[in-house]
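Read the structure below first, then the notes.
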2 protein chains.
Amino acid sequence: MSMTNNYELYKVFYWAAKSGSLSQAAKSLYLTQPSVSHAIKQLEESLGLTLFYRTSKGVTLTQEGTVLYSYIEQSQMLISLAEEKMSALKNLDSGELRIGGSDSLFKHYLLPYLELFHRTYPGIRLHLNHGTTPEIITFLKEGRIDMGVVRMPIVDPQLAVKESLQLQDCFVAGAAFSGLKDRVITLEELLEHPIILFSRNSRARMAITELFRGYGYKIKPGIEVGSVDLLIEFARKGLGLSYVAKEFIAKELEDGSLFEIRLDVQLPPSHVGIMTLRSVPLSGSASKFLELIQ
Amino acid sequence: MSMTNNYELYKVFYWAAKSGSLSQAAKSLYLTQPSVSHAIKQLEESLGLTLFYRTSKGVTLTQEGTVLYSYIEQSQMLISLAEEKMSALKNLDSGELRIGGSDSLFKHYLLPYLELFHRTYPGIRLHLNHGTTPEIITFLKEGRIDMGVVRMPIVDPQLAVKESLQLQDCFVAGAAFSGLKDRVITLEELLEHPIILFSRNSRARMAITELFRGYGYKIKPGIEVGSVDLLIEFARKGLGLSYVAKEFIAKELEDGSLFEIRLDVQLPPSHVGIMTLRSVPLSGSASKFLELIQ
DNA sequence: ATTGGTCATAGACACGATCTATAGCTCCTG
DNA sequence: CAGGAGCTATAGATCGTGTCTATGACCAAT
């Protein structure tokens, strides 16, 4: 579709026009002067126009050459900017990292890594998209995020999932239920108390519902909340027993504002996985972040 | 100074990104698919980044590729515009023609040619710069005009001058001097009447002064004017005898509002020359106009 | 399973970009 | 005025590389 079959000629033209000398242009381009002379001639022939006045002290643009230069100069600038930008992207001086996940995982798991990453590569813009697991998967497949951080298990042939963290969920309570402290509680007894669970469509919620059903019980929360922070807060205020990953409440267990309820059954651990699209290479920033996490 | 040694790769990249298919790009560029595949690979390697996701139904840009595309697209657009513009310049659909000369020559000599030229090439912008002969020569040497139209003789080794029109200067008068009609007048008698001449620094003025001096007379105008139109107008109003090229007053001679004064000496013809810079190729529009003039 | 599309790879070839060498020109200098 | 130092243009040889053909691997749809 283009009339000139070699854009290289424009590069030569640009340098020749810019420096006003074919010899100078040759130096800038690491070519010899005859090469440049020839290139310009080729360009002139292919356009059917004379672009330069040749004098014994260099070259100057003709009317037509001046017009051409005004376009080519900008075009070269853009390429030059593009190359700078690409170099920045390569060195992770620029770019973006888009992660999907739940707020709780961001806050309680990824936060320190994100901090470190941001300090190491301050030029990379971080985009944190929160959503449910299916939403995250959709985002990923649409290319709107680079990776997703969700609870396992994930079964999807398009996704590469790497298990990265094991969580031990448990029931916890605050001072209001101190009668349950230091004892082993049965599921039956547990269910006599108000239960605080994560909202219905979450992975963790489905897992615990399933678990109780396996033992022949139906778990029915008194309170449903949308964030781990509220699970913790409500338990502390004595509104009920929260079901939450032990790793997320290390501080509260430490200072005694919450205690773990020991059950007569073993609650299964859950896993956090990092999903990426199997078929698609990672961006520079994404692969660097993955590296950093492990 | 540039990191990528071949801008051709960007062209290939552009078409591949634009069409989302290496095969398609190959068709657009009149290449084979492996060539395109290889070119993209080369570009990716030289940038150190992956630009495309390859799938079995084409390619799509990666994050980095998208960034690159945003620059390259514009760059290609500019080149494409440049090529269009160059084509227009070549076909004289666009461009400019800058002529230097005196108002009188524009009006009485060039006007019909300018009209024809403008009708033939309406896209060409005409710039008419008037000035004295030395000014015109300066303009020409500075590259501010493409050609100059002035009275001969011009002696300047840098200039190519083509004689294009012979003018016969003569003295004319209007009805007020009808006593001079149908007679042969001597120079002496002529000088008894008020004379209207062009302003002092003009070629025509210098020529006539010189001529009279050769005959031993000193010509001293009663009125000096700055344009041929005023020469004509003042003569018609009877303010004196104007010295003017016969070719410029064809209409007035025809309708009888002016008549030529016959002298006992032969007034030398003068010539109009078209000057161009000897060392410098003409612009497309300029050479076309020269062609048209002859 | 077959077909038709995609992109990737390998290896051969030929064209053309680039080089060296030289010439012509203009300007400047001793 | 001769000679030198710039500049660009030209000619011809050479080497590199861009391009091709042929083929493979993969995927999706029939």
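We use all heavy atoms of the structure for the numbers below, so side chains are in, but hydrogens, waters and symmetry mates are not. It should be emphasised that the depicted structure is a prediction, and the values quoted were computed from it without experimental measurement.
Taking atom CD of residue B/Glu45 and atom C1' of nucleotide D/dT17, one finds them 15 Å apart after rounding to whole Å. Look at CG on B/Leu31: it is 14 Å from C1' on C/dC15, rounded to the nearest Å. The CD atom of B/Glu8 sits 21 Å away from the P atom of D/dG16 (whole-angstrom rounding). In this entry the distance linking CD of B/Gln42 with P of C/dT9 reads 13 Å, nearest Å. Rounded to a whole Å, the CG atom of B/Leu9 is 12 Å from the P atom of D/dT17. The nearest whole Å value for the distance from the CH2 atom in A/Trp15 to the C1' atom in D/dT8 is 20 Å. Atom CG of B/Leu29 is separated from atom P of D/dG18 by 15 Å (rounded to the nearest Å).
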Restricting to nitrogen or oxygen on both sides, can you table the protein-nucleotides 26-30 of chain C pairs closer than 3.5 Å?
residue, atom, partner, partner atom, Å
C/dT26, O4', A/Ser56, OG, 3.2

Show me the protein contacts with nucleotides 9-11 of chain D, counting only N or O atoms at under 3.5 Å.
residue, atom, partner, partner atom, Å
D/dA9, OP1, A/Arg54, NE, 2.3
D/dA9, OP2, A/Ser37, OG, 2.6
D/dA9, N7, A/Gln33, NE2, 3.1
D/dA9, N6, A/Gln33, OE1, 3.2
D/dT10, OP2, A/Lys41, NZ, 2.7

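B/Asp146 and A/Gln63 share a donor-acceptor pair across their side chains, judged by distance under 3.5 Å alone. Side-chain contact check for A/Tyr14 and A/Ser75: no donor-acceptor pair (N or O, by modelled atom type) lies under 3.5 Å. Side chains of A/Tyr109 and A/Ser104: no donor on one and acceptor on the other come within 3.5 Å. A side-chain donor from one of B/Glu83 and A/Tyr10 sits under 3.5 Å from a side-chain acceptor of the other. Counting only N and O atoms by type, the side chains of B/Ser19 and B/Ser21 include no donor and acceptor under 3.5 Å apart.
Contact between the side-chain N/O atoms of B/Ser23 and the OP1/OP2 oxygens of C/dC7 is found at a separation under 4.0 Å. For D/dG18, the OP1/OP2 oxygens have no side-chain nitrogen or oxygen of B/Ser35 closer than 4.0 Å.
The side chain of B/Thr32 lies closest to D/dC20, out of D/dT8, C/dC7, D/dC20.
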* Asked: Going through the distances and angles, do A/Val59 and A/Leu51 end up as a side chain to side chain contact (heavy atoms under 4.5 Å, CB included)?
  -> CA-CA 10 Å; A/Val59 293; A/Leu51 299 172; over 6 Å; no

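For an aromatic pair to be called close, the ring centres must be under 6.0 Å apart, and A/Phe13 with A/Phe52 satisfies this.
Counted within 6.0 Å of NE2 on B/His118, heavy atoms from surrounding residues, nucleotides or ligands total 12 or fewer; the atom is thus considered open.
For B/Lys162, there are no side chain to side chain donor-acceptor pair (under 3.5 Å) partners at least two apart in sequence or on another chain.
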